[in-house]
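Working notes, structure below.
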There are 2 protein chains.
Amino acid sequence: MRAATEHAASVCPVEVTVSIVGGSWKLTIVQKLLAGTRRFGELRRDVGGVTDRVLTRQLRELESDGLVHREVFAQVPPRVEYSLTAEGESLRPLVEMMDEWGRQWTSEHVGGVPA
Amino acid sequence: MRAATEHAASVCPVEVTVSIVGGSWKLTIVQKLLAGTRRFGELRRDVGGVTDRVLTRQLRELESDGLVHREVFAQVPPRVEYSLTAEGESLRPLVEMMDEWGRQWTSEHVGGVPA
DNA sequence: CAGAATCCTCGCAGATACTG
DNA sequence: CAGTATCTGCGAGGATTCTG
């Protein structure tokens, strides 16, 4: 278990969840993966604005937390596919709820309803 | 709107939610407030392990995000009460879901089911 | 294509001390 | 009691460059 998560566990369960999905881009990545398996380059494009280094690290953390499965194809050019594990899939309702809550909050605090 | 939230808004709605509830202790605080109004000292005790400075800042951020209401009583000794706004209350299902997900994840990754 | 290596910075969390 | 003021550090996030 990652150090941050371990510390969170000593506080309270909600903090565990935050420590796992709280990294920047992390839930956005999960959201994309909820739609199906993606290659590294696809994620980089779909997420948008994230650098290789950061995307890689977020994916590795998600992997080590057991939410994401990483499959490497030994071929040239390299091909790596990312998909959600069952545990990752279990985030679906949470992601949907947070997406909805975020839209709601934004619309109430900006006055404009996003598409 | 806070800078972090503003940046998150440019990414995707889920990131907005993360930026609002993602600070350490923040959801734990909300969880306590979901049970009812609390004074500063009560929160400090209930949350446990948090310093004055950090607790204060988290509360101020929650306040500026419109989730928490801060009421100061002009008296000696000072008395300040914190409570959730309607928007804060709207986090209840999310907090419950994250609490449950965190318990589940922890039990599967540690082998021991927490109380 | 999918990253690894390197370097930088900036902000948050935390500790400590003080106060109306 | 409920903070503020000040300092520290640490580590995530980001930019850039290089490679099998």
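A, B, ... follow the sequence lines: proteins, then strands. Residue 1 opens every chain. Predicted model, so just to flag it, every value in this text is computed and none were measured.
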Inset, instruction - Determine the interplanar angle of the B:H7 and A:W25 rings, folded into 0 to 90°, and report it as parallel if under 30°, tilted if 30 to 60°, perpendicular if over 60°. - result: perpendicular
Inset, instruction - With heavy atoms under 4.0 Å as the rule, sort B:V54 into base, sugar-phosphate or nothing. - result: base
Inset, instruction - Record whether the side chain of B:R39 comes under 3.5 Å of the base of D:dA2 through a donor-acceptor pair of N or O atoms. - result: no
Inset, instruction - To the nearest 0.5 angstrom, please state how far the CZ atom of A:R70 sits from the CG atom of A:L62. - result: 13.0 Å
Inset, instruction - Report yes if a side-chain nitrogen or oxygen of A:Y82 is closer than 4.0 Å to either non-bridging phosphate oxygen (OP1 or OP2) of C:dG3; otherwise report no. - result: yes
Inset, instruction - Find out if a path of hydrophobic residues (ILVMFWY) with successive side-chain heavy-atom gaps under 4.5 Å connects A:Y82 to A:V72. - result: yes
Legend entry - Terminal helix-axis angle for the helix from C:dC1-D:dG20 to C:dG20-D:dC1, with five pairs defining each axis and rounding to 10 degrees: 60°
Inset, instruction - Using the test side chain to side chain contact (heavy atoms under 4.5 Å, CB included), find all partners of B:R57 that sit at least two apart in sequence or belong to another chain. - result: B:R53, B:E61
Using a 3.5 Å cut-off and no angle test, enumerate the donor-acceptor pairs between side-chain atoms of residues 30-39 of chain B and protein atoms at least two apart in sequence or in another chain.
residue, atom, partner, partner atom, Å
B:Q31, NE2, B:D99, OD1, 3.1
B:R38, NE, B:D46, OD2, 3.3
B:R39, NH2, B:P78, O, 3.4

Inset, instruction - Identify whether any heavy atom of A:P77 sits under 4.0 Å from a base atom; if not, whether one sits that close to sugar-phosphate; answer base, sugar-phosphate or nothing. - result: sugar-phosphate
Distances for protein N/O vs nucleotides 15-18 of chain C N/O pairs under 3.5 angstrom?
residue, atom, partner, partner atom, Å
C:dA15, N6, B:R53, NE, 3.2

Inset, instruction - Give a yes/no on whether any side-chain N or O of B:R60 is located under 4.0 angstrom from OP1 or OP2 of D:dT4. - result: yes
Legend entry - side-chain hydrogen bond (donor to acceptor under 3.5 Å, both in side chains) pairs, two or more places apart, involving residues 85-96 of chain B: A:W101-B:S90, A:H109-B:E87, B:E89-B:R92
Inset, instruction - List for me each residue that meets side chain to side chain contact (heavy atoms under 4.5 Å, CB included) alongside B:Q58, sequence neighbours excluded, and say none if there are none. - result: B:K26, B:I29, B:V54
Legend entry - Distance below 4.0 Å between B:R70 side-chain N/O and D:dG3 OP1 or OP2: yes
Legend entry - Closest-nucleotide ordering on DNA chain D, the 5'-leading residue of A:E61 and B:L59: B:L59
Inset, instruction - Report yes if a side-chain nitrogen or oxygen of B:Q58 is closer than 4.0 Å to either non-bridging phosphate oxygen (OP1 or OP2) of C:dC12; otherwise report no. - result: no
Legend entry - Stepwise side chain to side chain donor-acceptor pair (under 3.5 Å) test for B:S83 and B:E71: CA-CA 8 Å; B:S83 57; B:E71 184 154 15; over 6 Å; no
Inset, instruction - Please state whether the phosphate of D:dA12, meaning OP1 or OP2, lies under 4.0 angstrom from any side-chain nitrogen or oxygen of A:W25. - result: no
